[in-house]
Amino acid sequence: MTQIRPMRVGILTGGGDCPALNAVIRAVVKTSVGFGWEVLGIEEGFNGLVQYKTRPMTAANVSGILHLGGTILGTTNSANPFCYPIPGEGGCMVECDISGTVVENFRRLGLEALIVIGGDGTLNIAEKFYQKGIPLVGVPKTIDNDIEGTVTTFGFDTAVNTARDALDKLHTTAESHRRVIVVEVMGRHAGWIAVHSGIAGGADIILIPEIPYDIEKVAHSIMRRERLGKHFSIVVVAEGAFPQGGELTHAEAKPLGRERRLGGVGERVASAITELTGKETRLVVLGHLQRGGQPTTFDRVLGTRFGAAAARLVRKGAFGRMVALVPPDVESVPIREAIGRMKTVPVDNDIIESAREIGIGFGD
Ligand code: F6P
């Protein structure tokens, strides 16, 4: 067996949290310790490298975290070092490129490699740091399942299960009260969570960004069910869904140093349904519930495989790459290929065709 060179490796989690992040951290640390490496945990994403927030990671301090949601390292989606919010003239916050400080701090900490666990935004930052000379590998993370190059990401399965469980519960109350219940789910500009939870949870209508909807058609489907004696309907709306010829709905104006948050389309859809059908309609926004809780078995296994594979990539010196599920194996792809475009639900895929064939409407 070839000798493994001793080294000091950093690990960070960036962007929104997601179930099974701890499974990845645990696998990275255990595998690295097995290779004889020292691991430094960087707290709060890239912020830890800006503000020197680090902690040593040993097999002992990743013990007992496999089943926990969240991330023991903390995370943030508002600390992009390439447009970092700092106080400007007159106390107003301005965006500033402080990436040079991060590269310097990485070296000062004696790090020889970095494992970055994050979604699209964090992997974009990682690629820029790789271009600036930081030897790093990526691990794709997101409940949204919108990262190219990997068949799925850990966290997605748990989020879908949470949404499906909510739909199961909402069915009985919708039916008892003869109501329409609109359920807004996360997913950014991709409808993966909506499609999977909607099919598994028996939704009647699913609205996704990939298929702009016509609210008249949504109302029509509800009234057709009414005529068939089905006096309730469950409508799943992805937060990134928008009407034909219309706009996305945002929860806020764009904050400094981070992406603008989506949210509110469920409210739009619910009030239009009441207006067009006269039916009593209720709205449930699942929000961050989808990001929390114990990871499913699938996510724990995938997270563990990704974490161990990331450490192996470092061992091989395969920097600038991201681990990826290419069944049956975990392989790797260049990070730049994965971040080039977003993986959305293919509308000509059998999943949509099958959903349509069993009577689910997409509002088109
Ligand atoms: O990307 C994960 C995600 O949960 C999206 O589904 C959602 O749009 C966004 O993060 C919410 O971000 P925040 O943590 O800023 O509320």
Side-chain angles (χ1 to χ4, degrees), residues 1-15 17-49 52-68 70-75 102-103 105-118 122-123 125-126 129-130 133-141 150 153-155 295 299-325 329-333 335:
M1 207 168 140
T2 49
Q3 193 73 26
I4 302 170
R5 182 173 77 80
M7 63 193 297
R8 189 167 217 224
V9 178
I11 176 174
L12 66 81
T13 53
D17 71 342
C18 156
L21 274 169
N22 286 327
V24 182
I25 296 170
R26 173 177 174 268
V28 165
V29 173
K30 286 190 167 217
T31 309
S32 302
V33 168
F35 290 163
W37 297 344
E38 194 187 331
V39 185
L40 197 64
I42 296 163
E43 295 171 3
E44 279 176 45
F46 283 100
N47 232 352
L49 281 176
Y52 273 121
K53 288 189 193 162
T54 62
R55 66 168 106 150
M57 304 289 284
T58 61
N61 54 29
V62 292
S63 170
I65 65 168
L66 175 63
H67 62 290
L68 301 179
T71 159
I72 59 163
L73 290 174
T75 188
V102 168
V103 178
N105 292 351
F106 172 83
R107 299 215 167 105
R108 277 201 199 130
L109 287 164
L111 290 167
E112 289 159 275
L114 182 64
I115 296 179
V116 178
I117 312 167
T122 305
L123 291 172
I125 300 171
F129 278 122
Y130 173 60
I134 294 191
L136 57 82
V137 304
V139 180
K141 161 249 58 154
T150 182
T153 44
F154 62 88
D299 283 340
R300 293 179 199 197
V301 174
L302 185 61
T304 301
R305 293 176 74 191
F306 274 7
R312 291 198 299 271
L313 277 186
V314 171
R315 186 181 60 180
K316 278 197 274 180
F319 298 117
R321 301 186 72 84
M322 174 192 97
V323 297
L325 180 65
D329 299 315
V330 168
E331 296 182 357
S332 74
V333 295
I335 297 176

Restricting to pairs with a member in residues 39-48, which pass salt bridge (charged side-chain N to carboxylate O under 4.0 Å, His left out), not counting sequence neighbours?
E43-R55, E44-K53
Using the side chain to side chain contact (heavy atoms under 4.5 Å, CB included) criterion, which residues pair with Y130? Sequence neighbours excluded.
E127, L136, F319
Please identify each residue that fulfils side-chain hydrogen bond (donor to acceptor under 3.5 Å, both in side chains) with R321, with sequence neighbours left out.
S332
Just to verify, what does V33 make a side chain to side chain contact (heavy atoms under 4.5 Å, CB included) with, not counting sequence neighbours?
V29
Sequence neighbours left out, what passes salt bridge (charged side-chain N to carboxylate O under 4.0 Å, His left out) with R5? Give chain and number order.
E112
T71 meets the side-chain hydrogen bond (donor to acceptor under 3.5 Å, both in side chains) criterion, sequence neighbours left out, with T13
State the CG-CD1 distance between L49 and I134, to the nearest 0.5 angstrom.
6.5 Å
If you look only at pairs with a residue in residues 26-40, which of them pass as a salt bridge (charged side-chain N to carboxylate O under 4.0 Å, His left out), with sequence neighbours excluded?
R8-E38
Contacts of type salt bridge (charged side-chain N to carboxylate O under 4.0 Å, His left out), residue R107, not counting sequence neighbours:
none
A27: partners by side chain to side chain contact (heavy atoms under 4.5 Å, CB included), with sequence neighbours left out
T304
Donor-acceptor pair, side chain of D299 and main chain of A23, under 3.5 angstrom:
no
Which residues satisfy the side chain to side chain contact (heavy atoms under 4.5 Å, CB included) test with T122, sequence neighbours excluded?
F46, V116
